[in-house]
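Data block below; observations after.
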Protein chains: 2
Amino acid sequence: MKVKTKAAPGYAAVKEEILRRIRAKAWAPGDLLPGEIELAGEFGVARGTMNRALRELTEQGYLERKRKGGTRVRPSPLRAARFEIPLVRAEIEATGAVYGYELLSRRIEAGGAALRALLGLDNDEQLLRLACLHLADGKPYQLEERWISISALPQAGRADFSASGPNEWLVQTVPYSDVEICFEANGASALVARHLGVAPGTPLFTTLRTTWLKGKALTHVRLSHHVHYRMVARY
Amino acid sequence: MKVKTKAAPGYAAVKEEILRRIRAKAWAPGDLLPGEIELAGEFGVARGTMNRALRELTEQGYLERKRKGGTRVRPSPLRAARFEIPLVRAEIEATGAVYGYELLSRRIEAGGAALRALLGLDNDEQLLRLACLHLADGKPYQLEERWISISALPQAGRADFSASGPNEWLVQTVPYSDVEICFEANGASALVARHLGVAPGTPLFTTLRTTWLKGKALTHVRLSHHVHYRMVARY
DNA sequence: CAGTGGTCTAGACCACGTT
DNA sequence: ACGTGGTCTAGACCACTGG
């Protein structure tokens with residue numbers, strides 16, 4: 001007699017058993033699995049339940065499915081990790097530290113050619129450039145260099161960024177936009193080095209993010225993280 | 001009479017319309033949505049279909065759901081990005097370049113205290129340490145420093161890593177294991193600098209990955225990427 | 001304790017892609 | 001042409017949790 005330890009939902013229990021068989025190589029990479037109806041019969045569940053289990057395992061990269069072709073174990077597993085991108089404030093407060101914010105500079109400028117191309121700006125369109133410092137318990141945590149397209153977001157020209165950062169303002173104003181995010185390693189520039197309190201050239205983890213709404217570029221930001229910043233995920 | 005342009009699956013069409021209402025602020029952040037049954041009625045679909053639409057929007061970070069509490073628009077959207085982690089070989093060949101591999105060193109060692117703790121090694125357990133270079137069109141692309149627990153993977157001691165990398169061997173041998181991955185920025189060590197052809201201290205994007213199978217740590221790897229390496233995602 | 005989401009079922013039709 | 005997965009439906013029971 002079997003004792004269920006946790007009474008997992010049926011589709012989850014099915015997923016675990018299938019994954020167990022894959023790891024045990026009962027179904028090896030490349031192998032063709034039985035059809036949904038047959039599997040449903042074997043596991044004693046409805047086809048809908050089996051379909052959900054197989055669909056989720058496919059999304060997680062363990063299986064490949066094709067109509068008429070059937071379901072196969074992925075030859076080499078597709079490894080993918082999911083990273084949550086929190087607001088700096090939430091990230092800092094999650095560690096128990098007190099969040100601090102400081103507006104370093106604010107001005108209107110044209111920006112470089114690469115940046116103008118990235119944001120798709122016309123000849124006479126200007127940018128609002130902001131530099132801000134985010135602090136944890138009073139210590140520099142992240143330097144934010146941001147460019148906002150004034151033509152796409154005219155309200156930004158009238159917004160006050162002295163008390164809270166443009167990030168939070170943007171989340172309030174244009175939530176649910178499209179984003180491209182990019183991570184790289186860079187040596188600290190003079191500006192970054194001065195405000196983060198490190199030597200120029202110090203390797204820093206950097207985030208670049210561009211935001212669009214309905215195909216129109218709104219803003220681009222460069223986030224220089226404190227030394228020893230790391231991004232972690234499990235999968 | 002309505003003309004469907006693309007005939008999207010019902011649940012997907014429902015998702016799009018709900019997302020449209022959220023972006024149009026017909027349902028603002030924090031707002032409570034009608035219940036599943038009512039929404040299903042309004043959209044003219046079965047409850048199961050509406051449930052799938054709402055469930056997926058929740059997974060994507062747009063909604064929050066609680067039993068009895070109902071469904072709400074997330075106050076500030078939870079931004080998450082999914083990154084695919086390819087094998088180096090695939091990554092290089094995807095750019096059209098020719099993949100090259102070189103085993104730099106191979107030896108048995110004890111490893112540092114931090115590493116031993118990370119891998120959960122007992123007193124007399126040894127590590128196999130490998131250093132390898134991955135090349136694109138003959139140019140250094142990525143330096144791999146790997147430690148393999150011999151007690152967890154005794155076959156590794158007999159494997160030949162001179163022709164292809166430990167990564168590919170591991171994917172064949174122990175696919176579908178549990179992984180913790182971590183990204184950071186580091187200055188190039190002497191070893192890394194020499195083989196990647198950069199000056200020591202050059203900022204490099206670094207990946208650290210630890211792999212477990214059934215709770216037992218198998219291997220830890222440090223990947224130093226070439227200069228200008230970036231990781232990109234959209235969401 | 002009552003209402004909401006979470007899940008399951010049995011049956012059905014359809015689209016795609018291999019044969 | 002035909003088999004497989006993709007999706008939808010109508011109805012049901014259950015678990016969690018807020019009022």
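The chains referred to below are lettered A, B, ... by the order of the sequence lines, with proteins before strands, and numbering in each begins at 1. These values consider heavy atoms only, across backbone and side chains, with no hydrogens, waters or symmetry-generated copies. Since this is a predicted model, take the numbers as computed values, not measurements.
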Practice task
Any chance you could lay out the side chain to side chain donor-acceptor pair (under 3.5 Å) test for A:Tyr101 and A:His134, step after step, and finish with the verdict?
Solution key: CA-CA 5 Å; A:Tyr101 168 78; A:His134 302 274; over 6 Å; no
Provide a list of protein-nucleic acid N or O atom pairs under 3.5 angstrom, restricted to nucleotides 9-12 of chain D.
from	atom 1	to	atom 2	distance (Å)
D:dT9	OP2	B:Ala46	N	2.6
D:dT9	OP2	B:Thr49	OG1	2.9
D:dA12	N6	B:Arg47	NH1	2.9

All N/O pairs under 3.5 Å across the protein-nucleotides 16-19 of chain D interface:
from	atom 1	to	atom 2	distance (Å)
D:dC16	O4'	B:Arg67	NH1	3.2

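Contact check for B:Leu213 versus B:Asp178: no side-chain heavy atoms found under the 4.5 Å cut-off. Contact check for B:Arg209 versus B:Asn167: side-chain heavy atoms found under the 4.5 Å cut-off. The closest side-chain heavy-atom distance from A:Arg146 to A:Thr219 is below 4.5 Å.
Taking only side-chain nitrogens and oxygens, B:Thr71 comes nearer than 4.0 Å to OP1 or OP2 of C:dG5. Using a 4.0 Å cut-off, some side-chain N or O of B:Tyr11 falls inside it from OP1 or OP2 of D:dT7.
Residue A:Lys66 places its NZ atom among 12 or fewer non-hydrogen atoms of other residues, nucleotides or ligands, all under 6.0 Å distant.
Aromatic pair B:Phe183/A:Phe205: centroids not less than 6.0 angstrom apart.
Across residues 51-65 of chain B, B:Arg52 each have a non-hydrogen atom less than 4.0 Å from an atom of DNA chain D (numbered order).
One can place CE of A:Met50 at 13 Å from C1' of D:dG5, the figure rounded to the nearest angstrom. The CD-P distance, from A:Glu36 to D:dC8, rounds to 14 Å in whole Å. In this structure, the CD1 atom of B:Ile37 is 15 Å from the C1' atom of D:dC13, given to the nearest Å.
For the pair B:Arg72 and B:Trp27, the cation-pi criterion (under 6.0 Å, within 45° of the ring axis) is not fulfilled.
Ring planes of A:Tyr229 and A:His226: perpendicular class, angle over 60° (limits at 30 and 60°).
Here the CZ atom belonging to B:Arg222 is positioned 5.5 Å from the OG1 atom belonging to B:Thr206, to the nearest 0.5 angstrom. Rounded to the nearest 0.5 Å, atoms CG (B:Leu63) and CD1 (B:Ile18) are 7.0 Å apart.
A side-chain N or O of B:Tyr11 and one of B:Arg52 form a donor-acceptor pair less than 3.5 Å apart.
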